[in-house]
Amino acid sequence: MPLDTPPNASPLVAGLNPEQAAAVTLPAEHALILAGAGSGKTRVLTTRIAWLLQTGQVGPGGVLAVTFTNKAAKEMVTRLSALLPVNVRGMWIGTFHGLCNRLLRAHHQLAGLPATFQILDTQDQLSAIKRLCKQFNVDDERFPPKQLQYFISGCKEDGMRARDVPARDEDTRKKVELYALYEEQCQREGVVDFGELMLRSYELLRDQDAIRAHYQRRFRHILIDEFQDTNKLQYAWIKLFSPPPMEGLDVQGNAVFAVGDDDQSIYAFRGARVGNMADFVREYRVPQKNQIKLEQNYRSVSNILDAANHLIGHNQRRLGKNLRTEAGAGELVRINESVSDFAEAQWIVDEIKALVREEVPRSEIAILYRSNAQSRVVETALFNAGLPYRVYGGLRFFERAEVKHALAYLRLIENPRDDTSFLRVLNFPPRGIGARSVEQLQDVARAAGCSLHDAVSAVTGRAGTAIAGFVAKVDVMRERSEGSNLKDIVELVLEHSGLVEHFRQEREGQERVENLEELVNAAESFVMQEGFGREAVALTQSPASQGLDLNAPVLDQPLAPDADTGETLSPLAAFLSHAALESGDNQAQAGQDAVQLMTVHAAKGLEFDCVFIGGLEEGLFPHENAMSDRDGLEEERRLMYVAITRARKRLYLSHSQTRLLHGQTRYNLKSRFFDELPEHCLKWLTPPQASGWGGMGSAGWGGHRAMGAPVPQPAWSPAWKATSAPPPEPDRGTPIKSGMAVFHNKFGEGKVLAVEGAGDDARAQVSFPRHGTKWLALSVAKLTPIE
DNA sequence: GTCTGCAAACTTTTT
DNA sequence: GTTTGCAGAC
């Protein structure tokens, strides 16, 4: 297609609204697309790539498209191939970490890594740190391994090596020292953690001028999804592919097309910097016309959208954006108050039953919650009601212990120096190598400064024989896997390691055996997908100026050989990367039509006809750990915004007066977010002003509460009996007033800062020296005035 | 070397 | 309440 064709003439742009079309057809300049929830963000991103290709502005090899999750990357590839018959294999579309892996594999020597380097997932990283701490006798009270892991990952996310970390106090100095030692250990063992993938490839591009120049020449268009979730290092990484214009110079480099939504930034807690969006506009001098807002929402009815807009309007730090829809008002947002979390769960189940009777597919119903701990009550209620459900989150396939054991053997075949894997399976299945023997081996390795594998021959005696036997076993596997296909290698390992045999004998081992068998399937389908074993066809590409020949056959090319180096990755090595970078599906109680349960974080990017958001209580949502500062609270509000905008047609919000948490009954006020929703969109199923303890004896396990009949001695559900404290009684004798000193059973002495509401709804803001400032319902919390 | 029992933690999470 | 990790007993 000639370049002078008017952009809108392209059939690609046909179904888009004006803003979307404008974004898709922007010239090759830096751009920031502010894409609201449900505004067709992925569509714009993929159509943009297709448009660039079709108009001949760039060839498939000149596109770099980055996402955060494998799911998003896959989706992009799928949609793109639906738009154009293009060889997506030759394109660099993937997650940050996936692309970093690709870079480091291609240039492993310059990056200072062995060709067979292995990737540590979060679990592996923690066990590597624990091992290190043990070796150096680190006091794990003072330096918990988890905290060190957090520290190290945090440093890497900020682009800092150990020598770059400013260490003011003794504690930090020690941590930095351990960071350096950890790095040494990883280097020696030929392993990299997730943060290292990013940092190492960043340094590679930064320090190797030739490589940087090569990729800068190659990638004319760089597209980034979910830009609001990028951390400091990821943004710096992007800058290496397209340096921002320099002062006084007005050279437009490779075009960076960033898509994001500051209102959906919910990952600050793990290092995401929303500020990158503003920095990007400034540093890349993104002109106003290239800052496009997508505000047309194609998902929700306007009552739901109004609620979302109104809520997020309470955030101060925003770029500013308002969603609109043509879908009509739709139903009101329903709000329910329950007396206990059990009652809440039961209410949800009752509503779902009604929805199912109205023929809403169960898979179109989602129950969202702030924290995983909330799922159990709901699960129990769903289970008792016989409603099929599916929980997202939890252990994923490649994270399961038995699968990790099998992977450890596979990794040792590739890289015998991988001590983490070595230790994982040295005595698993049990072969009589105890802690003493392991220590002996570790001592030798430490003294010699070599890997455990290389230290084996130096260990003598019975321990030495047993360990040598293990190494011999792995060596046999390595020899026999030479030239075999991946599936056979996996089967060989499962058999020869004795893993299958071991779990077969275990009482509860059936599922584990099945998972191991599933690993064989995973290997087989991986080979199919990646095209290993098939004839590799060289990519023929029509000159960019002529655009793509739409009739050309879609050519296939294995992922492995890298276009830049021609190096080939073995199927096993590629599979191991895949296993580490893509931990597989969450336990899918697969297939059938089931109600969807997940945290709000996990729901990002998904949508459902009907959505329940439970546990909307102060301390829970917003979560108490995030309530202290404004940034934390604003993130909670964005989280709520994400939750609301998941719903297409019907939204239920619910809160409970009490909740069993950590084995204790907690009394919660309803979330402040209720007060931030516009009244005209809401339908209170229970009167909003009602609270207190009336009638809950009969309602504790479900059913709606009889209103207005206070019961003098609240009978309580079994949950009550579990707690030692007596049922709180509203103290109507002494009124709590602002300025008063009070005593609370749990928080001790405090000072009342403010009192709000009246009667059963009255609540007081109390400042406790040890527990901070809290809002307490006077009908619930027992506050005794003190002189 | 393996099993049992108790203590401690516990927001959110992708790679 | 549940899971996970470590210590002590067998």
Side-chain angles (χ1 to χ4, degrees), chain A residues 66-73 94-101 119-127 130 140-141 144-146 150 153 156-157 192-199 201 225-226 229-231 233-234 265-272 341 368-377 379-380 392-396 398-399 401 427-438 466 577-584 586 598-605 615 619-627 632 635-636 638-640 642-643 659-666 718-719 722-723:
Chain A
V66 203
T67 64
F68 275 88
T69 65
N70 292 297
K71 209 174 140 197
T95 62
F96 275 105
H97 294 86
L99 296 172
C100 287
N101 182 45
I119 300 166
L120 299 184
D121 68 13
T122 316
Q123 286 177 39
D124 300 331
Q125 187 190 22
L126 185 62
S127 58
K130 280 183 181 162
D140 53 5
E141 294 273 288
K146 271 253 170 66
Y150 180 81
S153 303
K156 290 189 180 183
E157 274 160 19
V192 297
D193 58 42
F194 287 134
E196 188 68 21
L197 278 174
M198 278 300 325
L199 184 52
S201 57
D225 191 19
E226 307 277 19
D229 288 338
T230 50
N231 62 34
L233 178 59
Q234 284 157 343
S265 153
I266 54 174
Y267 287 111
F269 73 89
R270 64 172 198 220
D341 46 350
L368 310 184
Y369 33 82
R370 174 67 237 268
S371 68
N372 282 308
Q374 289 168 253
S375 76
R376 193 168 303 111
V377 213
E379 281 188 67
T380 311
Y392 283 74
L395 266 199
R396 281 165 319 166
F398 287 115
E399 288 168 1
N427 193 35
F428 197 93
R431 47 177 74 88
I433 304 170
R436 284 295 285 276
S437 317
V438 175
S577 286
H578 165 82
L581 291 172
E582 201 167 335
S583 0
N586 290 328
M598 65 195 85
T599 63
V600 180
H601 283 93
K604 192 177 168 204
L620 203 66
F621 200 175
H623 198 276
E624 55 190 343
N625 297 358
M627 273 160 58
E635 177 144 320
E636 292 291 301
R638 289 192 294 268
L639 202 49
M640 182 68 186
V642 168
R659 188 168 294 275
L660 205 53
L661 207 64
H662 312 330
Q664 265 199 322
T665 308
R666 302 217 327 192
T723 60

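Letters A, B, ... are given to chains in the order of the sequence lines, protein chains preceding strands, and every chain is numbered from 1.
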Colleague: Salt bridge or not for A:R638 and A:E635, using N-O below 4.0 Å?
Modeller: yes

Colleague: Rounded to whole angstrom units, what separation is found between the CG atom of A:L120 and the C1' atom of B:dT14?
Modeller: 16 Å

Colleague: Can you find a heavy atom in the side chain of A:L126 that is under 4.5 Å from one in the side chain of A:K130?
Modeller: yes

Colleague: Quote, to the nearest angstrom, the P distance that separates C:dT4 from B:dT13.
Modeller: 16 Å

Colleague: Please examine the side chains of A:F398 and A:H578, heavy atoms only from C-beta on, and report whether any two atoms are closer than 4.5 Å.
Modeller: yes

Colleague: Closer than 4.0 angstrom, basic N to acidic O: yes or no for A:K604 and A:D229?
Modeller: yes

Colleague: So which nucleotide from B:dT13, B:dT15, B:dT11 ends up closest to the side chain of A:R396?
Modeller: B:dT15

Colleague: What is the separation between atom CD on A:Q123 and atom C1' on B:dT14, rounded to the nearest whole Å?
Modeller: 14 Å

Colleague: Verify whether one side chain among A:N231 and A:E157 offers a donor that lies under 3.5 Å from an acceptor in the other.
Modeller: no

Colleague: Round to a whole Å and report the spacing from CZ of A:R370 to P of B:dC10.
Modeller: 15 Å

Colleague: Looking at the side chain of A:T122, which of B:dT12, C:dT2, B:dT15 is the nearest nucleotide?
Modeller: B:dT15

Colleague: Once you round it to whole Å, what is the distance between C1' of B:dT13 and NZ of A:K146?
Modeller: 13 Å

Colleague: Is the phosphate of B:dT15, meaning OP1 or OP2, less than 4.0 Å from a side-chain N or O of A:N70?
Modeller: yes

Colleague: For A:H623 and B:dT11, do the ring centres fall under 5.5 Å apart while the planes stay under 30° apart?
Modeller: yes

Colleague: Pick base, sugar-phosphate or nothing for A:D229, based on heavy-atom distances below 4.0 Å to the nucleic acid.
Modeller: nothing

Colleague: May I have the distance from A:M598 (atom CE) to B:dT14 (atom P), rounded to whole angstrom?
Modeller: 12 Å

Colleague: Which nucleotide, B:dT11, B:dT14, B:dT13, lies nearest any side-chain atom of A:T69?
Modeller: B:dT14

Colleague: Tell me the interatomic distance from A:L233, atom CG, to B:dT14, atom C1', rounded to whole angstroms.
Modeller: 15 Å

Colleague: Check the distance between B:dT2's C1' and A:F428's CZ and give it to me in whole angstrom.
Modeller: 13 Å

Colleague: Hey, which of these two, A:A626 or A:E399, hits DNA chain B nearer its 5' end, going by closest nucleotide?
Modeller: A:A626

Colleague: Below 3.5 Å, does any donor atom in the side chain of A:T95 face an acceptor in the base of B:dT14, or the other way round?
Modeller: no

Colleague: Counting any heavy atom closer than 4.0 Å, what does A:F96 reach on the DNA or RNA strands: base, sugar-phosphate only, or nothing?
Modeller: nothing

Colleague: Specify the residue among A:S437 and A:L639 whose closest nucleotide of DNA chain B lies further upstream toward the 5′ end.
Modeller: A:S437

Colleague: Does A:F269 stack onto the base of B:dT11, taking stacking as ring centres under 5.5 Å apart and planes under 30° apart?
Modeller: no

Colleague: Can you label the angle between the A:H601 ring and the A:F269 ring as parallel, tilted or perpendicular, going by 30° and 60°?
Modeller: perpendicular

Colleague: When you get a sec, tell me which of B:dT15, B:dT2, B:dT13 is the closest nucleotide to the side chain of A:N427?
Modeller: B:dT2

Colleague: Answer yes or no: does a side-chain N or O of A:N372 lie under 4.0 Å from OP1 or OP2 of C:dT2?
Modeller: no

Colleague: Could you state the atom-to-atom distance from OH of A:Y150 to C1' of B:dT12 in whole Å?
Modeller: 12 Å

Colleague: Counting heavy atoms from C-beta on, name the nucleotide in B:dT14, B:dT15, B:dT11 closest to the side chain of A:H97.
Modeller: B:dT15

